[in-house]
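This one's a predicted model, so the numbers in the text were calculated from it and none came from an experiment. Hydrogens, waters and symmetry mates play no part in the numbers below; they use all other heavy atoms, side chains included.
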Amino acid sequence: MQQPKNTHRLLRALAKQGLDVSYDNNIYTVRLNDALSEQPNQRQELPIAEVLLPPDFPIEGKAFQQLARLTTLAHPGGGSVTRAFATPDFHPGDTGVAIGSVIQTEGMVVPAAVGSDINCGMRLHTIDLSLADFLAQRDKFVALMKGDYLLGTRDITMTAAASRGMFADGIPGWLEQMTKQPMGSVARSDFAQLWQEIDRVQFLGSMCGNARWAPSELTPAAGLVRDGDLGTVGGGNHFVEIQEVIEIRHPRLAYESNIKVGQLAIAIHSGSRTVGKYIGGMWRDRAKAAWLKGCPFPQSDLFSLSTTTHPDLVAEYLEAEATAANYAFVNRLILAELMRLRLREVYGDIAAPLVCDLPHNLTFPHKNGWIVRKGACAAAAGQLLITPGSMGTPSYLLSGLGNDRYLNSASHGAGRSISRFELTRAGANYTESDLGLTAVDCITLRNERRIEEAPAAYKSIDRVIDTQVAAGTIEVVAKMRPILTFKA
DNA sequence: ATGTGC
């Protein structure tokens with residue numbers, strides 16, 4: 001495929017900034033000139049970043065710049081990025097890391113690359129309920145959900161032992177204590193079913209028992225803990241949604257997950273809320289404080305921790321990250337549970353089994369080092385993953401193909417094309433129909449949130465998926481359309 | 001991402 005003419009000028013502009021970008025068959029290859037590298041003159045050959053992007057997608061210079069910088073990170077005491085890749089939904093990030101970046105590291109971890117939104121991820125359940133039956137009592141359901149999600153009347157109370165179990169061992173640690181002593185909004189949950197569903201939570205096993213590190217502020221020694229964050233979706237592109245399966249493309253995998261055309265589903269996009277912000281922020285600062293004296297700071301402010309010079313801090317960071325990740329796994333479980341309990345209240349004793357739950361913002365162990373996925377899913381062979389569209393557009397259930405060239409990774413969303421700032425700045429006069437909002441059934445208390453996340457602010461999810469199918473990183477299992485969205 | 005912010 002030829003590089004389109006309109007990108008020529010942009011590529012030349014990037015070259016002037018020190019970025020050499022070449023294009024071939026949907027793949028942009030990015031190199032940094034030595035002057036812009038984080039380690040000028042220190043490394044013979046810098047790793048190359050590849051970006052999987054359809055030729056007609058807008059090239060965002062800032063995102064390319066951020067990816068290139070991330071790719072050249074190295075620790076003066078040992079450790080470096082060895083490979084990098086970006087998914088088609090990649091776009092600039094606020095903290096110097098483009099969303100959709102994937103880096104492979106050896107001998108170091110990069111807390112600031114994971115950032116605050118530790119274990120942001122997706123969860124999908126099917127619901128045994130027809131669309132007609134759902135819509136018949138939609139308003140009653142919405143009224144109940146407004147209480148849970150938007151007005152904060154939910155009650156997430158647990159023993160200190162359950163809270164400690166959650167941080168240390170995630171869902172199993174929390175369930176063990178909650179099964180003994182059910183309380184709060186989830187007391188009526190079917191705990192036997194929650195135990196059975198644990199196997200469908202991806203990567204949870206690597207977290208269990210790894211989170212020995214938890215700040216005492218988060219883990220009271222005794223008494224009852226009333227958690228204000230658990231069971232809340234959070235802002236930005238986070239949501240809870242009722243969807244309808246509209247297309248099956250992989251019948252066997254769909255069948256194995258109880259997915260049929262016309263099937264309703266619950267999709268949840270949320271993370272570790274303020275716990276991740278607290279732990280991510282703390283470790284960004286700790287990595288900076290531990291930087292070797294006399295060594296120049298990285299221009300990007302992305303400080304790594306080296307296993308050569310600070311093995312104890314690397315281990316402690318991974319434990320801290322697991323602490324927040326476990327919190328996020330339980331948060332998504334509780335969000336699903338609140339939804340499931342409300343559905344049962346309105347529609348009777350309907351089943352809503354878990355299909356999968358997966359992180360897309362985390363440090364994953366890989367060979368002798370790690371793969372950091374910042375807004376990207378693991379896509380090992382046969383692994384289910386979800387790429388949600390923007391508000392009002394379809395989501396995809398996918399299966400990984402284990403494509404090592406692209407670091408076994410896939411997109412986590414459609415990718416923003418218009419910034420939140422641009423959409424809400426004074427003088428911006430977008431109408432609801434300009435933004436594609438008129439046909440979206442979204443329940444939220446603040447209309448600015450709908451505008452910031454409008455369909456028109458995002459790239460085409462269909463193109464994002466098609467590009468990856470063509471590249472051989474994923475196959476499509478099913479496609480879902482949104483029926484009803486809840487946002488904070 | 002974050003009860004957002006120098």
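- Residue-level contact check: A:Gly235 touches the backbone only, with heavy atoms under 4.0 Å from sugar-phosphate atoms and none from bases.
- Using a 4.0 Å cut-off between charged nitrogen and carboxylate oxygen, A:Lys479 and A:Asp462 count as a salt-bridge pair.
- In this structure, A:Thr274 reaches the sugar-phosphate backbone alone: every heavy-atom distance under 4.0 Å involves primed, P, OP1 or OP2 atoms, never a base.
- Relative orientation of the A:His360 and A:His412 rings is perpendicular, given thresholds of 30° and 60° on the angle between their planes.
- A:Gly271 comes within 4.0 angstrom of nothing in the nucleic acid, heavy atoms only.
- A:Asn237 comes within 4.0 angstrom of sugar-phosphate atoms only, judged by non-hydrogen atoms across all strands, and of no base.
- At distances below 3.5 Å, at least one donor-acceptor pair connects side-chain atoms of A:Thr387 with backbone N or O atoms of A:Ser411.
- Using a 4.0 Å heavy-atom criterion, one finds that A:Arg449 contacts the bases of the nucleic acid, with or without backbone contacts as well.
- Nucleic acid contact for A:Gly281: none, since no nucleic acid atom lies under 4.0 Å from a heavy atom of the residue.
- Listed by chain and number, the residues in a ring-ring contact (aromatic ring centres under 6.0 Å, His included) with A:His310 amount to none (sequence neighbours excluded).
- When DNA chain B is scanned in the 5' to 3' direction for atoms under 4.0 Å from non-hydrogen atoms of chain A, the outermost contacting nucleotides are B:dA1 to B:dG5.
- Remark: A:Leu292 CG to A:Phe297 CZ distance equals 10.5 Å, nearest 0.5 Å.
- Interatomic distance, A:Leu230 CG to A:Asp155 CG, rounded to the nearest 0.5 Å: 11.5 Å.
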